[in-house]
Amino acid sequence: MLNQVIFLVFGMISLALLLNLWRLLIGPSLPDRILALDTMFINSIALIILYGLLMGSPLYFEAALLIAMLGFVSTVAVCKFLLRGDIIE
Amino acid sequence: MSHLIIAPILLPILTAILIMLPPIHYSPMRRRWVSMVSTVILLILTGCLLWQTQTDGIAFYALGNWQPPYGIILVADIFSVSMVCLTSFLALGAICYGSAGEDEKGSFFHPLFQFQLMGINGAFLTGDLFNLFVFFEVLLIASYGLLVHAGGKNKTKAAVHYVVLNLAGSAVFLFSLGILYGTLGTLNIADMAVQVAKLPPENLMLVKSGGLLLLIVFALKAALLPLQFWLPATYSAASPPVAALFAVMTKIGIYALLRVYTTIFGEQAGPLAGIASDWLWPLGLATIMLGAIGVLASQDLRKLVANLVIISVGTLVTLVAIENSAATSAVMYYTIHSTLVCGALFLLADVIGAQRGKAGDRLVPGRRMAQPALLGTLFMVAAVTVAGLPPLSGFVGKLMILQAAGTPSQQLLLWTIVLISSLMVLIGLSRAGSVLFWRVSGNEAGPERVLPLQAFALTWLLLAAPLMVVFAGPLTELSFAAAEQMRDIQTSITIILGDAASVGEQP
Amino acid sequence: MESLLAGCIGFLTACGVFLLLRGRTFPVVVGLTMLAYAVNLFLFSSGRLTLQGAAVLGTTEHYADPLPQALVLTAIVIGFAMTAYLVILAIRARADLGNDHVDGKLPGNQMSRKESR
Amino acid sequence: MRVTPRFSWLPTPYRSVLLLLVWLLLNQSIEVVHLFFGTILALVIPWISAKFRDPQPLIERPFLALRYILRVFGDIVTANAQVAILILGPQRKLNPAFVRIPLDLQHDLPITILASTVSMTPGTVSADVYPCHDTEPDAKEITQRWLLIHVLNLEDEAELIATIKSRYEAPLKEIFQC
Amino acid sequence: MQNWIEWAVAFFLLLGGSFVLIGSIGLTRMPDFFMRLHGPTKATTLGMGGILLGSIFYFSLQQSVSVNELLITIFLLITAPISAHML
Amino acid sequence: MTLLWILLLPLLGTLVPLLTANWRRSACAMATAIPPAFALMILLYHASAVFAGESLRYSLAWIPLLGLDISIRLDGLAFLFSLLILGIGLLIILYARYYLSEQDSMPRFYAYLMLFMTAMMGIVLSNNILQLWFFWELTSISSFLLISYWWHKSEARRGARMALTVTGAGGLCLLAALLLLGQVTGSYDLDVILASGAVIQQHSWYPLILVLFLLGCFTKSAQFPFHFWLPNAMAAPTPVSAYLHSATMVKAGIFLLARFYPAMAGTDLWFLLVSLTGLTTLLVGAYLALFKHDLKGLLAYSTISHLGLITLLFGMGTDLAAVAGVFHIINHATFKASLFMAAGIIDHESGSRDMRKLNGLWHFMPITATLAMVAAAAMAGVPLLNGFLSKEMFFVETLQQHLLGSLSWIIPVLATIAGIFSVAYSMRFIHDVFFNGKPKGLTKTPHEPPRYMRMPVEVLVVLCILVGVAPGYIVGDLLHAASLAVLGTDVPEYSLAIWHGFNVALLMSIVALAGGALIYVNRKHLFDFQNTLPGVDAITTFEAAMKLLAKRCQQIYGWLDNGSLQRYLVFLLMAIVVLAGLPLLQLDTLFGGRPELPVDAVNAAGAAMLLISAFATVVFHRQRVVALLMISVVGLMVSIAFTRFSAPDLALTQLSVEVVTIILLMLALFFLPHKTPKQSSPTRVIRDIGLASMVGVVIGSISYAIMTRPFNTISDYFLANSKTGGGGTNVVNVILVDFRGFDTFGEIAVLGIASLGIFKLLTRIPVFKPSSDGEGRPWALERHPVLLATVSQSLLPLALMVSVFIFFRGHNLPGGGFIAGLVTAVALILQYIAHGVEWVKSRMNVEYQRVVAVGLMVALVTGVASWVFGKPFLTSWFDYFDIPILGKIELASAIAFDAGVYITVVGSTLLILASLGKMTTSHRPVHTEGI
Ligand code: NA
Ligand code: NA
């Protein structure tokens, strides 16, 4: 039973990712795209966690953790670029 | 096992690190002297290593004590060690020249220079294909840094081309590594030779495409037609001591070609034996001609020298394509000769340019030189050497090349091309020399003089030309020994992988 | 699965190559990055594909080939260093030469409308 | 309010506790060895990174803080439910708007927490805090700061402002005693 | 007992998955930028929470209690609003 | 051994003038003369033996592997030439002492001269043909130096370069010929080669060898059509001409003909080529000589014609002809050298060499005039002078040959005609210079030269007379020995009598004398006729040819290399397609039999996203920020793929590198245009698409072929030994820090070097700060948003904690120093972003390059530490310790190494990003080393 559920959720998240990608492609504004990318990062955390579940191994946890920690930084960098052009000043 | 084998890699990086740290970091003088002294030590150590290799034969150094084929090994045979010696000899000249003031025209000259030495020596010594990739990257990234030393539009422009091309080249290298590992299941060059020998037929063609991709990588490094276009701009733009050191970089490509195609794809490789030669032979000859044309086309001395480098590359590649010991030994002697003289010429072009005022090293009438006798003599020596005329080292190289030719048809082609090209070089050099030294306008010379360190560097490099003739006997014997050793794959494999491994049996 | 991955590798390579052949430094950088992805996947795939076989002893019974992974790791790091250098070089070239064309000069037809800085 | 820590060797006690917790979470065990190293790290790391911390008001009422957190969690759940409905429901009924909220808080940390909370909770996203230090040359003299929030579906502005101030800002003032 | 946990896992996973999906739908569907902002910032937080809880339960049923997924939640709670705010 | 000294002494002689440079001129000249004088003595000491028909040998191994030995052979021919070279050389030294003016650098001249002398001696003495070539080329070089001695004169420069080019080309042909000879005979030893004439002449390569060989000789000896360089070499100081162009250099080719006579001569081809070339040269030279107004020009062409004469003699192939040739070598050397010196004296004392100006010098310099006239008479072949004898022999030989079958009578006729002309120009040399009225427009009034300047001429003229009067006594033995050496076998009967009775040859001589007189008297008409002919100036033609060559080369080069990176890349990529693609064509099936893994929907979706985002990157590549977002999706998908295919370490690394790269590119984009203008033409785009897809197809298929093939690898060893040998369960990490730690060592070196290089690039960069972004919106005012600032502060300790965790678990679980380092670096960069440089610098003022150095040092020291235990570099060590309360703890050297990695990564990443970030601030990176 659980596996079916996992695959179902897999499907949901993949769909979500595809929707994000769609937003990323159509934009229209740059902030839209950045938001979409940020969301993709977060959703991919879910994806990785699910992989972990599927393979029943906790080895992939760090990957998720890293995305949670660093994905945010890259988003911030892009936002800063949008706001100021100069990221470090 | 003797740690001497790894010294040529560790000493430079240690020096580089020390130069970056206090207290040495603070004063230019300290940086210079540490760099120079360390290079002298390096030269001595490599000399000892050569002696040891000559007496004890092939030796390998298993890093982390992980035995081949599992661990990375460094292999010291006469050829590789001689190349390392050559590098440190050249480096000493270049560093001394640089220490005359060029080094302060930008940051981190000496560290980058030492890192580059580390990379070059590593590339010569390693016996592992992926490790070769790593050392290629080390020497490349260092060369990127050195290329832009002292700044300037030309340097930047040349650097962009150089870097992009080499990044593409690295990608190709990784592709071919992937193919070779995916089919042979190993990375150790000797072990690859063994695996190739017992390769199942359905994998032959894959291995072939992998092996030929390597050809692209090394041809790019060696500046073989049609991948040589980056060289003239890069070498003529680079700061003189850097250009002098670069003179050995193309030779690494040649060395890699030789190493890979004589070992992995040697006679034992059955259907894959000598897959590269069909390409190397014509391309090499074409490269020679192109270089000769370039020599006559050059508008300034640096470009001319760069094209001389290209000629030497073409010659060496052609020799690599002739798969016999005579040719291989010719490769060794000619490599040493051409590297040193081209390095010297790059330095010479700089001092000449400096004394000719705003004419620089362009082949146009210019200001009278302050030291025409000194520079003229040095130029004459260099020119005679590089043109392959007696009484300097070039002619020995030329004799070895002409005697190395294999079949009569090869011989005819090779001789024609080599002789014609050397005539063109003779014409080009006599033209350049007479314009630079004899077509003087005005009588007053400028204030520039050759500094002691520069003079030392020039003489140091040019001294090799006569010495290589005087000691041509032992040198040729050494190179023949090196060639024999390199071509005797079975022995080296037995030394590296033990008696069990053999390239004899077929599946 | 193999065919799928191979297809992706091929496509990434093609995209990378196409961008590599553009005239300006930035697309070239992007192209090389893309090519690097392709290369890494290629090198990785030379160890064959394995599901649920992370090469951590005691976590599974059949392990993926760890060697290509290690090689790719090295390749990634080196690739990063190289890309970084190229990017800065691009900046330097733009500053020195006044444009961001890979040849340092805009092709003839463009000379007229030279980019403003 | 208090800015300077009680002990110099322990600049941020709550942060250290958090770090120890994180370490144990990471290692997923409470063995002695992990406790040992965790404690060391939990003491050393704040001490190292102390320089990178502008003086901020310290938590005075930990239990209040705990309650606040729980409340926010609850709100998040409800907020998500509501937003989900709004998203899936027809859009023309929505009435998005920007709202400025005058702040009693003056310090960065509490304001940050408030803003984050607002972003997490029903139909609101905090967009900007102004005036900021850069626009005002003499940043110290800022008396009144505003929080600009975007509301997905605004019914009554005044009520919304009141809720936020009472439900979130007030407890924060309590916690930090400012 | 076992069964009970399995149900919980399934429930949380489904909950999380659907919220993630809803958030992304919002991102796609909403007419203007600031409205799109709402979807991800919230839905994803809860969605992630759900999935992480699911995984916590799952691994607890696999081996000893596993709670380190909480960390991810902490990070997300700290960082998610910032990205929203910066935009 | 003494033989070697004959060669070594002149070599040492090159140093003498340089060492004695600041002595008095005479002293310097004297000192310079000593070594060759000694050499001459040694030579003469061997005379008796040589005349007895012996040939003395000495040999010394030099480069045995190439068959190049120092090998000397002193036989009659060598003796004869050595005598000429040393003897005339000494006279030249004396002569030059007075000829050279104060401002000419005499030491330089003498040094070149001695070098040349050495080279010539080397040629004539060598018994190894490679050694012979060695010295042959040396003559080209040293003659280049001598001819260009007055380099400020353009004709000197040009003449020298022309001579070098022609003789150099010849030298290369000769080299080829000699190497082929060596291959044919299996030895480069002259003795062997001379002994195996039959073998050579039967060999199929003989024609090729002969042609190349003769090209070498003829270029050197200025034989038609390669004669043109010689007259232009007259720009050299007269001593040089006197030496090179009478006795030595030009005779080198002749010497070679004589030397290889036994090996090469005797075939029809030889006859044809050599004799006809000689004949043509003889005629052309004799004819043109008459019309030269320049004294030296006249002598130059007469030299050409006499060389032709000798060549013709050797071409005839009869033994007697050879003897005559040898004899004429001697005679020509003597009278031509003296004539050149006389001409030099005239030039020196009257300031001109133009025979239209020079007239009636008899009144000014009677003695010199007499000497010159005698020598000229010898040249003309007047009886009782040496020239007469050899010319007689020549005429006799022309009468006895049958080269052209029934037309053979033409040769003596032409010979006579040539004789006529040589008489004519000799008469002109005498009459037009010393008589024929008064000098016209000379700058100074001519007078006799200094006593010792004339002496060399006197000596040579006396020799001419003596030989002419009593040939047998003077040159008999010498000639015999030389001829013996040339012929190898026994010398035929010949008499050196002055009077052979009244015969056809004598008649020919008389005709020549009479006809010459006649022609000279009516030279007016001939000159007019000659002036109507179009005159070709060799030098301008040559220069034009050289210029054209250079121009063509430039065209070819420019056409090949247009300086466009795209073209270079296209070559590279085509190479990939060809070299990697062709083998695939021979691969019958890609699929290798290894079963494929099943594809599920999720992977399909992932692949789809990968492809879409990659494609989008290409599509949006002109809007750079968007392209950046797209490619980071690609990166994300790649790392997810890594997770999917059981490579957690890769996923972690890819992710963290991803983030750093994005920050880097964002930083960079500030300094670059945000949009790429549309540039490529459609055709170019199509070409690129085509090329790209070809490369993609090749790579894709290869990767599929590999993935579906079974294979066995060394990796099993790593899996087996990771725990026991490396002390870690995460095999990937153990490979990185232990099995292949050396790669990682190089890898962090690369990272460190890159950061240094980047710092270097950023110093002294001319920067600029765009006031608005691509769309032209002004930047927001808020520098550091409050929320970001606060959160980033609280995030830092967490990040540090996590990186410590990742670092330590790396050895046994995914993670490790590299990833930990990147996490730390990113956390710190976040501080820069959130608070700015000023804020961070005030809290953490570190020079990151030091950090890099320290990191590398840690790794290096860890590696070297294993030497202490007598183990190779980077040998790992680990052990488990039981600590009371804490329990079992593992310590491993790998951890120290990984620490080095960690530090290096942090240092490099910060050095790269921070330096770039600081560009817009007051803390821009500058070259501060030279403190
Ligand atoms: Na590592
Ligand atoms: Na900045």
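Since this is a predicted model, take the numbers as computed values, not measurements. Letters go in sequence order (proteins before strands), and every chain restarts at 1.
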* **Proximity breakdown for D:L24 and chain E, heavy-atom pairs closer than 4.5 Å** => neither

* Run the salt-bridge test on D:R145 and D:D104 with the 4.0 Å N-O cut-off and return the result as yes or no. => no

* Write down the atom of D:R71, the atom of D:P171, and the distance for their closest heavy-atom approach. => NH1-CG, 3.7 Å

* For the side-chain contact (heavy atoms from CB on, under 4.5 Å) test, which of D:L70, D:L64, D:V72 pairs with D:Y68? -> D:V72

* Taking the inter-plane angle between the rings of E:F12 and E:F57 on a 0 to 90° scale, is it parallel (under 30°), tilted (30 to 60°) or perpendicular (over 60°)? -> parallel

* Measure E:L77 against the heavy atoms of chain D and call it side chain, backbone, both or neither at under 4.5 Å. => both

* Against chain E, work out which of D:L26, D:T112, D:N153, D:N27 has the most heavy-atom pairs shorter than 4.5 Å and name it. => D:L26

